[in-house]
Number of protein chains: 2
Amino acid sequence: MTDNDDASSGLGRNLTYGLLDLLGRQIVTGAFENRTFPTEAELSIQHGVSRSVTREAVKMLTAKGLLTARPRQGTSIQPVASWNLFDADVLRWLLERKFSVELLSQFNQLRAAIEPAAAALAAGSADDKGRALIEAGFARMEAAERGEDDVLDADIAFHLAILRAGGNPFFAQFRDVVATALRTSIRLTNRIVGRTADLAAHGAVRDAIMARDPRAAQDAMRAIIGDVMDLIARHSHAAQ
Amino acid sequence: MTDNDDASSGLGRNLTYGLLDLLGRQIVTGAFENRTFPTEAELSIQHGVSRSVTREAVKMLTAKGLLTARPRQGTSIQPVASWNLFDADVLRWLLERKFSVELLSQFNQLRAAIEPAAAALAAGSADDKGRALIEAGFARMEAAERGEDDVLDADIAFHLAILRAGGNPFFAQFRDVVATALRTSIRLTNRIVGRTADLAAHGAVRDAIMARDPRAAQDAMRAIIGDVMDLIARHSHAAQ
DNA sequence: TATGTCTATTTATATGATAAAAACACACGC
DNA sequence: GCGTGTGTTTTTATCATATAAATAGACATA
């Protein structure tokens, strides 16, 4: 019986989280676009799980802003405006739908607003721990340059270190968006931009932060993201 | 029995959401600082609700990044870094703890990064609908000036309109933070800053957006938030 | 010391029953 | 005709209890 359920549902080890992931993907990719969302009884039957599992998955989706549930009316999908776009799960699901340059562009508009400010904040008020984190991130980028570390991972580590270093937890919240944006844009930037230029630009950010020069840190970070945005614009232009 | 439960628990009409709110507040305000988080059985007994209610509340808190649950290990509170700080519930709970100038300052550091960029984006690429939204928001501010609308509500409406108008859903996500920041800082700014100056500054933002001048819109918005940050700095200085 | 096994604890899942909310239809009275 | 109330029905909300699964920790064993 249990084996049967597991086989028919195709959800992972943890049924609740498996169903959460499946429903999340389906909602975000528009699988319920023109029809009403299933009732909890229908979901239970369709996926071969108990009502508890269904309800807990729905509750988590509700907590992330994707659903609402009311007696008699049923469960329904919320407008995109109320989705929690900074949630790691929601971001992941968002990328499962067709790759869109528009989404990548929106990511980077956000980065252009956040990261220069975060770099300035880090330069102005990072403590020793934050500075060490940034140094470690940059060291990884240098190691990657020498082929001793993964380029993408090192890049992400450096950018996240800057988000954290300023000590403002709200800036640290952007870790998932930034990591996602970097992972996504690597498809475009990979092999197009020379890695040396990239390292130099990142080195400028590091130097400015270490010199406690907020203005220079901001400008250097702005330059990095500006380059990425130019690349995206050129790519979308070329694709047309 | 049911009445007894309701009376003893003090949760609202909806037990699950009531418990969610109660636990969320307790977690954020540090009520479980030095002790382990209760097991689901303990929570059920303490609050006089069934395990389903407890589990669903815990699952929602998990979805918001506040908890994790594993068999045998139990449920435990996650580090603040993994909390979903842009979630409306989490923000609300955050404000329940002692009022802190530091938090208000962090809010506005974020606003300083986001809102000028959002204003520039709105100036550059808002469609007719977005522009109409901004006009409506500004009209409310003018009405408030004449005593025909609530000052705070109008202010919030104007700022939210700008976040939305650019068409980037990630900027629109900041509605709750911005609304919360405005509601919080009104305690400080109220009666200190003359409302006329405020209206003029907001008018400059509106004019720049309508003139499709991103640079001017950005600068005008920066000025507004800069004023607020100065006020906060002065207040925290005076308080010392 | 390392490794495997047993046990206890806690979450995970299932199931079936009852309560509550709300959309809808319908009858009623004005 | 038209509002108003009332009952019916559908769906979520809640409860209670039972069983499964996972894993930390103790203990035994090599």
Side-chain angles (χ1 to χ4, degrees), chain A residues 1-24 27 32 35-78, chain B residues 1-24 27 32 35-78:
Chain A
M1 190 62 138
T2 311
D3 296 41
N4 195 341
D5 287 352
D6 225 48
S8 68
S9 63
L11 310 172
R13 305 150 206 109
N14 187 310
L15 298 182
T16 304
Y17 286 90
L19 185 58
L20 166 69
D21 197 61
L22 178 62
L23 291 179
I27 292 168
F32 303 103
R35 46 178 166 140
T36 62
F37 195 80
T39 65
E40 77 178 44
E42 287 169 341
L43 285 174
S44 300
I45 294 167
Q46 279 172 29
H47 302 100
V49 294
S50 72
R51 280 178 47 213
S52 331
V53 170
T54 303
R55 286 185 56 83
E56 284 165 25
V58 167
K59 275 289 180 300
M60 284 199 277
L61 289 166
T62 301
K64 291 176 191 295
L66 273 66
L67 295 177
T68 45
R70 288 171 56 196
R72 164 73 205 193
Q73 181 196 293
T75 305
S76 56
I77 297 174
Q78 290 267 275
Chain B
M1 191 63 139
T2 311
D3 296 41
N4 195 340
D5 288 349
D6 226 49
S8 69
S9 63
L11 312 171
R13 308 147 204 111
N14 187 309
L15 297 182
T16 304
Y17 287 90
L19 185 57
L20 166 69
D21 197 61
L22 178 62
L23 291 179
I27 292 168
F32 303 103
R35 45 178 168 140
T36 62
F37 195 80
T39 66
E40 76 179 44
E42 288 169 340
L43 284 174
S44 300
I45 294 168
Q46 278 172 30
H47 301 100
V49 294
S50 72
R51 278 183 53 205
S52 330
V53 170
T54 303
R55 285 186 57 80
E56 284 166 26
V58 167
K59 276 285 181 300
M60 285 199 275
L61 289 166
T62 302
K64 292 177 190 294
L66 274 65
L67 294 177
T68 46
R70 288 171 57 195
R72 164 72 205 191
Q73 182 197 293
T75 305
S76 55
I77 297 175
Q78 291 266 273

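The sequence lines fix the lettering, A, B, ..., with proteins before strands; numbering per chain opens at 1.
Here the P atom of nucleotide dA19(C) and the CG atom of L15(B) are 15 Å apart, to the nearest Å. A straight line from CZ of F37(B) to C1' of dT10(C) spans 14 Å, rounded to a whole angstrom. Counting to the nearest Å, the C1' atom of dT13(C) and the CZ atom of R51(B) are 9 Å from each other. Between the CZ atom of R72(A) and the C1' atom of dA20(C) there is a distance of 14 Å, given to the nearest Å. Regarding Q73(B), its CD atom lies at a distance of 10 Å from the C1' atom of dT10(C), rounded to whole Å. At whole-Å resolution of the value, CZ in R70(A) and P in dA20(C) are 18 Å apart. Per the geometry, CD belonging to E56(A) stands 8 Å off P belonging to dA12(C), to the nearest Å. Look at CD on E40(A): it is 17 Å from P on dA20(C), rounded to the nearest Å.
For S44(B), the side chain to side chain donor-acceptor pair (under 3.5 Å) criterion is met by T54(B), not counting sequence neighbours.
OP1 or OP2 of dT13(C) lies within a sub-4.0 Å distance of a side-chain N or O belonging to T16(A). Regarding contacts with the backbone of dA13(D), a side-chain N or O of K59(A) is found under 4.0 angstrom from either OP1 or OP2. Proximity of N14(A) to the phosphate of dT13(C): a side-chain N or O atom is located under 4.0 Å from OP1 or OP2. Put simply, S50(A) has a side-chain N or O that comes within less than 4.0 Å of OP1 or OP2 on dA14(C).
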Could you check T75(B) against T39(B) for side chain to side chain contact (heavy atoms under 4.5 Å, CB included), going step by step and ending with a plain yes or no? CA-CA 7 Å; T75(B) 305; T39(B) 66; over 6 Å; no
Please walk me through it: do L23(B) and L43(B) pass side chain to side chain contact (heavy atoms under 4.5 Å, CB included)? CA-CA 10 Å; L23(B) 291 179; L43(B) 284 174; 3.9 Å; yes
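The side-chain contact (heavy atoms from CB on, under 4.5 Å) test with L19(A) is passed by exactly one of L61(A), V53(A), V58(A): V53(A).
A residue-by-residue look at S52(A) and P71(A) shows that P71(A) has its nearest nucleotide of DNA chain D further toward the 5' end.
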